[in-house]
Amino acid sequence: MKTKDWFTEWFNTSYYHILYKNRNDSDAQLFMQNITAFLNLKKGAHIADLPCGKGRHSIYLNSLGYKVTGGDLSENSILHAKQFENENLNFEVWDMRDPIDHTYDAIFNLFTSFGYFEDDRDDIKVLRNIKKGLNKNGLFVFDFLNATKLEATLVKEETKIVEEITFNIRREIKNGFILKHITFTEANTAYSYTERVKYLDLSKMTSYLNKVGFQLVAIFGDYNLTTFEKNTSDRLILVAK
Ligand SMILES: C[S@@+](CC[C@H](N)C(=O)[O-])C[C@H]1O[C@@H](n2cnc3c(N)ncnc32)[C@H](O)[C@@H]1O
């Protein structure tokens, strides 16, 4: 029997959401305000948030007046998000490797939701789907980590205690992947997961985008949309059409 891919398993656990529960949601909302203003997206425009997790960006974008469809592979996350649905906010289980059967005014891929697959062809497939899923003047927002800064400042060992669970985290860069090994014990059971995100820097990301016919519109280095600086920026945010 084939074991599940790490991203199918880990993101579908409650432990993933516990570990990341203290992430900065007001930063995420500020980013959505800034980026929608930059894109000049009219109210009522249809945005796909892919993958959306439990829907934090989708729900906020909808509150700003956009029609939003959030998709994610994690059935548990979509089940949670569905309680917030309304006429202009929908969630569905969606594998981003599958072709998109609709076109959108914008597609957002946020908070390092890319580079999980072993084979580069799967990454390209995701981008090709997104390109095909955009309207004629549609825009793609690609919010990824800044691999160059991450490598230079890599915190190799860390312990985080959240909801009385002690998460031991070990990070390394190996064979083109940024690995985050997460181990913890809960109710006398030991758990171990490894997040694997491809080491993709600006040149690799732009070559991926070019390959599927995207044209780069802007490059930002954080959620305030300041200019990207390879050694100091926290994020690598690409806007393409
Ligand atoms: C780092 S989380 C970010 C989620 C969301 N954008 C946010 O900011 O909260 C990455 C998400 O990618 C989803 N995911 C992983 N592989 C996927 C795939 N093949 N298709 C769709 N979603 C996927 C996971 O379930 C997880 O919710």
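Whatever order the structure lists them in is the order used to number ligands and atoms, beginning at 1.
Given atom 16 (N) of ligand 1, the protein heavy atom at minimum distance is F7 CD1, 3.4 Å. Nearest to atom 19 (N) of ligand 1 among the protein's heavy atoms is D95 OD1, 3.0 Å. Scanning the protein heavy atoms around atom 11 (C) of ligand 1, the nearest turns out to be D72 OD2, 3.8 Å. Among all non-hydrogen protein atoms, the one lying nearest atom 23 (C) of ligand 1 is L73 CB, 3.6 Å.
With a 4.0 Å cut-off on non-hydrogen atoms, H57 touches ligand 1 through its side chain and not its backbone. At a 4.0 Å heavy-atom cut-off, ligand 1 touches F111 through backbone and side chain alike. Neither the backbone nor the side chain of Y20 has a heavy atom within less than 4.0 Å of ligand 1. Within the 4.0 Å heavy-atom criterion, the part of C52 lying near ligand 1 is the backbone and not the side chain.
The aromatic rings of F11 and W6 sit tilted, their planes meeting at an angle between 30° and 60°. Under the 30°/60° scheme for interplanar angles, the aromatic rings of Y16 and Y20 are found to be tilted.
The pair E163-K21 meets the salt-bridge criterion, with a side-chain N (NZ, NE, NH1 or NH2) lying under 4.0 Å from an Asp/Glu carboxylate O. Taking 4.0 Å as the cut-off between side-chain N and carboxylate O, K67 and D105 do not count as a salt-bridged pair. Using a 4.0 Å cut-off between charged side-chain N and carboxylate O, D122 and K125 make a salt bridge. E158 and R171 are joined by a salt bridge, as a carboxylate oxygen and a charged side-chain nitrogen come within less than 4.0 angstrom of each other.
With ligand atoms numbered from 1 in the order given, ligand 1 contributes 25 (O) to contacts under 4.0 Å with heavy atoms of S74. Near G53, meaning under 4.0 Å from any of its heavy atoms, are these atoms of ligand 1: 4 (C), 5 (C), 27 (O). Near R97, the atoms of ligand 1 lying under 4.0 angstrom from a non-hydrogen atom of the residue are 19 (N). Using a 4.0 Å cut-off to heavy atoms of F117, the atoms of ligand 1 that qualify are 19 (N).
At least one N/O-N/O distance between P51 and ligand 1 falls below 3.5 Å.
For the pair K82 (side chain) and F91 (backbone), a donor-acceptor distance under 3.5 Å is present. Of the possible donor and acceptor atoms, none in the side chain of S233 sits under 3.5 Å from a partner among the backbone N and O of K230.
For atom 21 (C) of ligand 1, the nearest non-hydrogen atom from the set W94, Y16, Y116, F11 belongs to W94. Here the shortest heavy-atom distance to atom 9 (O) of ligand 1, taken over R56, M96, E195, belongs to R56.
The closest approach between a heavy atom of S113 and any atom of ligand 1 is below 4.0 Å.
Contact annotation: the side chain of R196 never approaches that of I178 to less than 4.5 Å [non-hydrogen atoms, C-beta and beyond].
Under 3.5 Å, the side chains of S77 and H17 contain a donor-acceptor pair of N or O atoms.
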